[in-house]
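Everything on this sheet refers to the single structure shown next.
We use all heavy atoms of the structure for the numbers below, so side chains are in, but hydrogens, waters and symmetry mates are not.
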There are 2 protein chains.
Amino acid sequence: MTEHKVEIAMRPDGPAGAEILGFRPLYQQVKANFVRRLVDGSWAPGMALPSESQLASEIGVSQGTVRKALDELAAENLLVRRQGRGTFVAEHDEQRILFRFFKLMSDDGIARFPDSKVLDGTCGPADAAERTALNLQAQEAVIRIRRIRSLGGKPLVLETVSLPAHVFPGLENGPVPNNLYSLFATRYGITIANARERLKAVALTPDQAEHLRVAAGTPALEIDRIALSLDGSAVERRLSLCLTEEAHYQSDLR
Amino acid sequence: MTEHKVEIAMRPDGPAGAEILGFRPLYQQVKANFVRRLVDGSWAPGMALPSESQLASEIGVSQGTVRKALDELAAENLLVRRQGRGTFVAEHDEQRILFRFFKLMSDDGIARFPDSKVLDGTCGPADAAERTALNLQAQEAVIRIRRIRSLGGKPLVLETVSLPAHVFPGLENGPVPNNLYSLFATRYGITIANARERLKAVALTPDQAEHLRVAAGTPALEIDRIALSLDGSAVERRLSLCLTEEAHYQSDLR
DNA sequence: TAGTGGTCTAGACCACATC
DNA sequence: ATGTGGTCTAGACCACTAA
């Protein structure tokens with residue numbers, strides 16, 4: 001078992017390094033400690049964490065401080081807390097979490113997860129857009145997966161996923177599951193923490209239109225997603241072209 | 001000064017109404033109390049709240065319980081907490097809050113707020129879409145405002161705002177400010193708490209295209225927004241057609 | 001200097017899940 | 001019956017702001 005310690009000592013009676021470093025709350029240090037365990041895999045998806053009081057005594061802070069750290073991580077969807085059962089590391093294959101990264105739904109309001117069929121998978125040098133999105137150097141290789149996602153047999157999305165080859169070695173060989181993010185987690189230990197999407201309306205090219213079985217020039221919703229892992233690095237770029245005749249992208253502003 | 005009281009008495013030693021009602025945490029009751037003050041206007045936008053300890057002793061709970069209620073309201077953007085200064089009711093005309101409901105930005109990443117020019121304002125019976133969106137009966141009247149929003153002189157959005165006439169009496173007379181939501185707050189005491197947007201890609205009709213000075217059939221991003229007030233009722237429907245040649249809709253998934 | 005929110009602690013009790 | 005997270009309290013001290 002790896003040793004885990006909160007790096008900076010607790011403030012003693014008088015103000016210590018506070019005036020130098022500008023003061024960092026204890027619970028944030030504890031939280032950072034927990035994030036490290038998530039990143040390095042010592043807390044793996046689905047796992048039950050030790051209880052609050054165990055963590056508190058291990059680290060040497062009060063239960064309330066541990067609680068505040070855990071509550072924030074739960075609010076960021078990295079942990080799931082269940083009263084009476086314990087605190088668990090979030091998984092990416094639960095229904096409720098699937099739709100956190102899938103905002104497209106049919107107009108009747110019923111949220112279903114689409115099938116997907118891979119068109120092709122290639123590996124080659126990143127283009128300019130991919131280099132910008134993924135912070136890559138010129139000549140660095142990306143794995144590219146194109147697929148069609150359908151709802152009830154009807155083509156809905158033409159999707160191009162670009163992944164840095166050095167982050168996902170060997171992914172180009174072998175089958176591609178419908179839910180990529182749980183593959184990232186189980187096979188590469190990479191958790192997608194959040195994502196940024198940019199939406200535009202575009203006209204489909206003849207080639208794109210053919211894959212989606214509509215006329216060239218049909219308007220489509222273009223979703224340009226950059227997904228960030230736990231440590232904040234961009235690990236996926238996904239360009240989706242969506243037909244929105246009978247579906248829409250739902251965004252809740254709170 | 002109006003009297004404010006937490007409705008249900010604190011649980012006495014033994015379990016009281018808990019087994020009947022299924023238990024509602026104290027801090028949630030306190031929070032509901034605070035929301036009521038926001039709704040009825042006794043806490044108006046921009047106002048400073050009493051301090052935590054004042055509120056705590058007024059209601060008869062501990063400061064920590066008040067704090068949890070205030071923290072949640074701050075997380076929902078209804079309050080703003082400033083260390084050393086106090087807790088304030090959120091306003092809708094601060095820069096940072098404007099962009100909570102305006103996700104369109106130019107591709108260079110610079111977030112600017114667009115001008116707007118009113119095309120026309122009418123008042124008439126709600127159509128089917130408006131009735132559904134705003135929960136109106138047949139024959140109920142809505143105020144309709146159409147306007148063009150431009151960025152740097154360039155038309156960007158053709159927007160149709162529909163408002164229940166009985167909620168905003170007299171709004172059809174008089175000027176329409178660029179920022180409608182702060183008008184709602186100051187003149188009608190209505191705070192927009194959150195909104196739901198549905199996005200589609202559509203082709204512009206000749207009429208729409210003319211207003212935006214582009215060719216008919218140009219793809220546009222259609223944003224169908226329903227805005228909810230503090231008490232959860234739908235008070236605005238806004239249908240926007242956005243050109244996305246040099247701009248995009250940004251959505252952050254967390 | 002006084003007053004505010006922010007952090008931290010310690011302990012009690014409650015609701016929920018499992019054994 | 002036991003252990004978990006959830007709620008509630010009370011009090012101490014810290015950091016920030018303004019007078």
Side-chain angles (χ1 to χ4, degrees), chain A residues 6 8-34 47-75 78-90, chain B residues 6 8-34 47-75 78-90:
Chain A
V6 174
I8 94 164
M10 264 143 288
R11 268 161 300 139
D13 308 78
E19 18 197 346
I20 301 170
L21 278 185
F23 176 63
R24 179 124 168 278
L26 233 199
Y27 77 90
Q28 283 187 18
Q29 302 173 39
V30 174
K31 183 179 164 189
N33 177 301
F34 291 169
M47 216 179 104
L49 266 54
S51 75
E52 292 182 352
S53 51
Q54 281 175 305
L55 289 169
S57 67
E58 177 198 333
I59 298 178
V61 299
S62 84
Q63 191 193 6
T65 302
V66 167
R67 158 157 305 188
K68 183 144 185 176
L70 292 177
D71 280 345
E72 289 205 354
L73 291 170
L78 299 179
L79 300 178
V80 179
R81 314 198 71 180
R82 287 192 254 256
Q83 180 169 157
R85 297 191 51 200
T87 303
F88 301 82
V89 182
Chain B
V6 174
I8 96 164
M10 261 145 287
R11 268 160 299 140
D13 309 80
E19 17 195 347
I20 300 169
L21 278 185
F23 176 61
R24 178 123 167 278
L26 234 198
Y27 78 91
Q28 283 187 19
Q29 301 173 40
V30 173
K31 184 180 164 188
N33 178 302
F34 291 169
M47 216 180 103
L49 267 54
S51 73
E52 292 182 351
S53 50
Q54 280 175 306
L55 289 169
S57 66
E58 176 198 332
I59 299 179
V61 301
S62 84
Q63 191 193 7
T65 302
V66 168
R67 164 165 307 229
K68 182 143 186 176
L70 292 177
D71 280 344
E72 288 205 354
L73 291 170
L78 299 178
L79 300 178
V80 179
R81 314 197 72 180
R82 288 192 254 254
Q83 179 167 161
R85 297 192 52 200
T87 303
F88 302 82
V89 182

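Between A:Ile59 and A:Thr65 the shortest side-chain heavy-atom distance does not fall below 4.5 Å. Counting heavy atoms from C-beta on, the side chains of B:Leu49 and B:Leu70 come closer than 4.5 Å.
Listed by chain and number, the residues in a side-chain hydrogen bond (donor to acceptor under 3.5 Å, both in side chains) with B:Ser53 are B:Ser51 (sequence neighbours excluded). Residues satisfying the ring pair (Phe, Tyr, Trp, His ring centres under 6.0 Å) test with A:Phe34, not counting sequence neighbours, are A:Trp43. Residues passing the side chain to side chain contact (heavy atoms under 4.5 Å, CB included) test with A:Glu72 are A:Tyr27, A:Lys31, A:Lys68, sequence neighbours excluded. Remark: A:Gln63 pairs with A:Glu52 by the side-chain hydrogen bond (donor to acceptor under 3.5 Å, both in side chains) rule, at least two apart or across chains.
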Under-3.5 Å N/O pairs linking protein and nucleotides 3-6 of chain D:
unit_1, atom_1, unit_2, atom_2, d
D:dG3, N2, A:Gly84, O, 2.9
D:dT4, O2, A:Gly84, N, 3.3
D:dG5, OP1, A:Thr87, OG1, 3.4
D:dG5, OP2, A:Glu52, N, 3.0
D:dG6, OP2, A:Arg81, NH1, 3.3
D:dG6, N7, A:Arg67, NH1, 3.3
D:dG6, N7, A:Arg67, NH2, 3.1

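The rotation axes computed at either terminus of the helix from C:dT1-D:dA18 to C:dT18-D:dA1 lie 10° apart, taking five pairs at each end and rounding to 10 degrees.
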Residues A:Asp71, A:Arg81; criterion side-chain contact (heavy atoms from CB on, under 4.5 Å); working and verdict: CA-CA 8 Å; A:Asp71 280 345; A:Arg81 314 198 71 180; 2.6 Å; yes
